[in-house]
Visitor: 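This is the structure I want to talk about, given as structure tokens.
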Amino acid sequence: MKSFIFSLIGIAILFVMTNNIPVSEAQLSATFYNRRCPNAANIIRNSIRRAVSRERRMAASLIRLHFHDCFVQGCDASILLDETPSIQSEKTAFPNINSARGYEVIEAAKAEVERACPGVVSCADVLTLAARDASVAVGGPSWSVRLGRRDSTTASRSQANIDLPSPFVGLDALISAFDIKGLNARDMVALSGAHTLGQAQCFLFRGRIYSNGTDIDANFAKEKRRRCPQTGGDANLAALDLVTPNSFDNNYYRNIVQRKGLLQTDQILLSGSTSAIVTDYSRNPRTFAADFARAMIKMSEIQPLVGQAGIIRRICSAIN
């Protein structure tokens, strides 16, 4: 009887302790900063708008930076950390080196938030909001962002090399890479639509445009060869969407249907189980936009650090 009473007391104490923890400190919430930094979202939005107005391509870079962050250790801003004796920076991982951009834009937005609310808003949340705001700035969809992520104290170059999908893999490997992160095939095809923006380097699509394959339009390949020779010119850029590279729309999928996807992993979406999704998005821009927003929400909540895990960095490139 005595042990039973002690058990009840223990449960009661645990209940009180648990209920004394604010919900906002234990999980993500759209109202997380309402009390401690109510203008955070507006400050970040205005900063991102200015950055994109200076360079439209930056919208693509920020969305990609968020994607590359969330796929490695979860959405914890690990991609923003610089190299130190104890940190192997993800910036130097193969998918990111001389490729990932926008670090300075996130730092600038974070600095503005720090001036308003020192030590409150995480770099992980700044990056998550920046991706949403970048989409809106170029005519893309908006979505509700739940906040409360905290920043990692570690990064993993080796994990970035493993977890970030290669632009040369087949469809099954691509689907698997997203499935591991809790994203289904439809999410994967929708998120690939971020390639309606931005550019890719020649070495990433050279094999495709010189393949003489049946899955590439001959005139499209010929045109791309002008800026991407068989040898040299590795860093030469080409738009991922040849029609509207600086606006968010569904032309990316229309290009694929016409066999004008730039990367192998773009064109391969028209094969196998994802073909019908590509066709659907090519015909229905609203469906694509809605699915993209839903998939971005799912991606932004991959393994976040919450509660007392992690830290709030003062600057995004270094541990406090």
Visitor: Going by the disulfide bond (SG atoms under 2.5 Å apart) test, which pairs reach into residues 268-316, not counting sequence neighbours?
Guide: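 Disulfide bond (SG atoms under 2.5 Å apart) check on residues 268-316 returns Cys123-Cys316.
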Visitor: Flag yes if more than 12 heavy atoms outside Phe203 fall under 6.0 Å of its CZ atom; otherwise flag no.
Guide: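 Result for CZ/Phe203: enclosed.
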Visitor: Is there a donor-acceptor contact under 3.5 Å linking the side chains of Asn255 and Gln258?
Guide: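 Their side chains do not contain a donor-acceptor pair, so the 3.5 Å distance test is not met.
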Visitor: Backbone N or O of Ser300 within a donor-acceptor pair of the Arg149 side chain at under 3.5 Å?
Guide: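 Looks like yes, one N/O pair under 3.5 Å.
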Visitor: Under 3.5 Å, is there a donor on one side chain and an acceptor on the other for Ser29 and Thr31?
Guide: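 Yes.
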Visitor: Side-chain contact test, heavy atoms from C-beta onward, threshold under 4.5 Å: evaluate it for Arg150 versus Val306 and give yes or no.
Guide: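 A side-chain contact is absent here, since even the closest heavy-atom pair is not under 4.5 Å.
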Visitor: Distance to the ring centre below 6.0 angstrom and angle to the axis at most 45 degrees; does that hold for Lys91 and Tyr103?
Guide: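 Output yes; distance and angle both within limits.
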Visitor: Could you check if a side-chain atom of Cys75 sits within less than 4.5 angstrom of a side-chain atom of Glu301, using non-hydrogen atoms only?
Guide: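 Cys75 does not reach Glu301 side chain to side chain.
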Visitor: Between Ala40 and Val121, what is the shortest heavy-atom contact and its length?
Guide: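 So the two residues come closest at CB-CG2, 3.9 Å.
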Visitor: Distance check, rounded to the nearest 0.5 Å: Ser61 atom OG versus Gln199 atom CD?
Guide: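 The distance works out to 9.0 Å.
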Visitor: Any sub-3.5 Å donor-acceptor pair from Gln88's side-chain atoms to Ala155's backbone N or O?
Guide: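 Checked: no pair found.
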Visitor: If we ignore hydrogens and angles and just use 3.5 Å, is the side chain of Glu107 paired with the main-chain N or O of Ser317 as donor and acceptor?
Guide: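 Such a contact is found between Glu107 side chain and Ser317 backbone.
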Visitor: Test side chain to side chain contact (heavy atoms under 4.5 Å, CB included) on Asp234 and Gln201 and set out the steps.
Guide: CA-CA 6 Å; Asp234 285 3; Gln201 297 182 58; 5.8 Å; no
Visitor: First locate atom OG of Ser275, then atom CD1 of Ile256, and finally report the distance between them rounded to the nearest 0.5 Å.
Guide: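 Ser275 atom OG to Ile256 atom CD1 measures 10.0 Å (nearest 0.5 Å).
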Visitor: Would you confirm whether Asn251, through its side chain, and Val243, through its main-chain N or O, come within 3.5 Å as a donor-acceptor pair?
Guide: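 Not at all, since once roles are kept as given, no pair shorter than 3.5 Å links the two residues.
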Visitor: Measuring only between side-chain heavy atoms, which start at C-beta, is Ser135 closer than 4.5 Å to Leu62?
Guide: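 No, too far: nothing below the 4.5 Å cut-off.
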Visitor: Do Val120 and Val113 come within less than 4.5 Å of each other through their side chains, counting heavy atoms only?
Guide: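 When only atoms from C-beta onward are counted, Val113 and Val120 do not touch, as no gap falls below 4.5 Å.
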Visitor: Do Arg146 and Phe32 form a cation-pi contact, if we require the NZ or CZ to be under 6.0 Å from the six-membered ring centre and within 45 degrees of the ring's axis?
Guide: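 No cation-pi geometry.
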Visitor: Are the charged groups of Asp291 and Arg186 less than 4.0 angstrom apart, N to O?
Guide: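 Salt bridge between Asp291 and Arg186, a charged N being under 4.0 Å from a carboxylate O: yes.
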Visitor: Is the backbone N or O of Phe168 less than 3.5 Å from a side-chain atom of Gln264, with the two atoms forming a donor-acceptor pair by type?
Guide: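 Yes.
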Visitor: When rounded to the nearest 0.5 angstrom, what is the spacing between NZ in Lys110 and OG in Ser122?
Guide: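 Here the rounded value is 7.0 Å.
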Visitor: Please determine if Glu112 and Arg50 form a salt bridge, counting it only when a charged side-chain N lies under 4.0 Å from a carboxylate O.
Guide: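 Yes, Glu112 and Arg50 are salt-bridged.
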Visitor: Any side-chain to backbone donor/acceptor pair from Arg259 onto Thr214? Under 3.5 Å, distance only.
Guide: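 Yes; at least one donor-acceptor contact below 3.5 Å.
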Visitor: Stepwise, does the side chain to side chain donor-acceptor pair (under 3.5 Å) test hold for Arg313 with Thr153?
Guide: CA-CA 9 Å; Arg313 295 185 212 141; Thr153 57; over 6 Å; no
Visitor: For Asp76 and Ser78, does a side-chain donor sit closer than 3.5 Å to a side-chain acceptor?
Guide: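 Checked: Asp76/Ser78 side chains pair up, N/O donor to acceptor below 3.5 Å.
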Visitor: Would you mind telling me which of Asp266, Asp215, Asp217 makes a salt bridge (charged side-chain N to carboxylate O under 4.0 Å, His left out) with Arg208?
Guide: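 For Arg208, the salt bridge (charged side-chain N to carboxylate O under 4.0 Å, His left out) check succeeds only for Asp215.
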Visitor: Judged by atom type as modelled, is there a donor-acceptor pair below 3.5 Å linking the side chain of Arg132 to the main-chain atoms of Ser144?
Guide: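 Pair absent, no side-chain N/O of Arg132 close to backbone of Ser144.
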Visitor: With no hydrogens and no angle check, do the side chains of Arg157 and Thr92 hold a donor and an acceptor under 3.5 Å apart?
Guide: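 There is such a pair (donor and acceptor under 3.5 Å, judged by atom type) between the side chains of Arg157 and Thr92.
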Visitor: Could you tell me if the side chain of Val138 sits less than 4.5 Å from the side chain of Val52, heavy atoms only?
Guide: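 In contact.
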Visitor: Does a salt bridge link Arg101 with Glu55, judged by any charged N lying under 4.0 Å from a carboxylate O?
Guide: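 Yes, this pair counts.
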Visitor: With distance as the sole criterion, is a donor-acceptor pair present between the side chains of Asn39 and Tyr33 under 3.5 Å?
Guide: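 No - no donor-acceptor pair under 3.5 Å links their side chains.
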Visitor: Between Asp82 and Ser89, do the side chains contain an N or O donor and an N or O acceptor separated by less than 3.5 Å?
Guide: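 Ser89 and Asp82 do not have a side-chain donor-acceptor pair below 3.5 Å.
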Visitor: Mind checking the CD1-OH spacing from Ile216 to Tyr210? Nearest 0.5 Å is all I need.
Guide: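 One gets 11.0 Å once the value is rounded to the nearest 0.5 Å.
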Visitor: Within the 3.5 Å criterion, strictly below it, is a donor on Gln230 or Arg206 matched to an acceptor on the partner's side chain?
Guide: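 Absent: no donor and acceptor within the cut-off.
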Visitor: What pairs with Phe71 under ring-ring contact (aromatic ring centres under 6.0 Å, His included), at least two apart in sequence or on another chain?
Guide: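 Phe71 satisfies ring-ring contact (aromatic ring centres under 6.0 Å, His included) with Phe67, Phe178 only.
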Visitor: Classify the ring geometry between Phe248 and Phe288 as parallel (under 30°), tilted (30 to 60°) or perpendicular (over 60°).
Guide: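 Parallel, since the angle between the ring planes stays under 30°.
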Visitor: Do side-chain atoms of Asn250 reach the backbone of Tyr281 as a donor and acceptor pair under 3.5 angstrom?
Guide: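 A pair under 3.5 Å: yes.
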Visitor: Taking the side chain as every heavy atom from C-beta outward, state whether Ser99 and Arg64 have any atom pair closer than 4.5 Å.
Guide: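 A side-chain contact under 4.5 Å exists here.
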Visitor: Scan Asp172, Thr274, Val169, Leu171 and name whichever one has a side-chain contact (heavy atoms from CB on, under 4.5 Å) with Ile268.
Guide: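 Between Ile268 and the candidates, side-chain contact (heavy atoms from CB on, under 4.5 Å) is satisfied uniquely by Leu171.
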Visitor: Quick test of your reading of the model: are Asp163 and Lys181 salt-bridged, counting only N-O distances below 4.0 Å?
Guide: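 The answer is yes: the pair qualifies as a salt bridge.
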Visitor: With no hydrogens and no angle check, is any side-chain donor or acceptor of Asn46 less than 3.5 Å from a backbone partner on Asn42?
Guide: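 Flag set: sc Asn46 to bb Asn42 pair under 3.5 Å.
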Visitor: Transitively linked via ILVMFWY side-chain contacts under 4.5 Å: Ile297 with Leu305?
Guide: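 Shared cluster, no.
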Visitor: Does Tyr253 belong to the same Ile/Leu/Val/Met/Phe/Trp/Tyr cluster as Leu262, with side-chain heavy atoms less than 4.5 Å apart forming each link?
Guide: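 Unlinked, Tyr253 and Leu262 end up in two clusters.
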Visitor: Has the side chain of Ser282 got a donor or acceptor atom that lies under 3.5 Å from a matching backbone atom of Arg254?
Guide: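 Absent.
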Visitor: In terms of side-chain heavy atoms, does Thr244 have a donor or acceptor partner in Asp241 at a distance below 3.5 Å?
Guide: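 Their side chains do contain a donor-acceptor pair, which is all the 3.5 Å distance test asks for.
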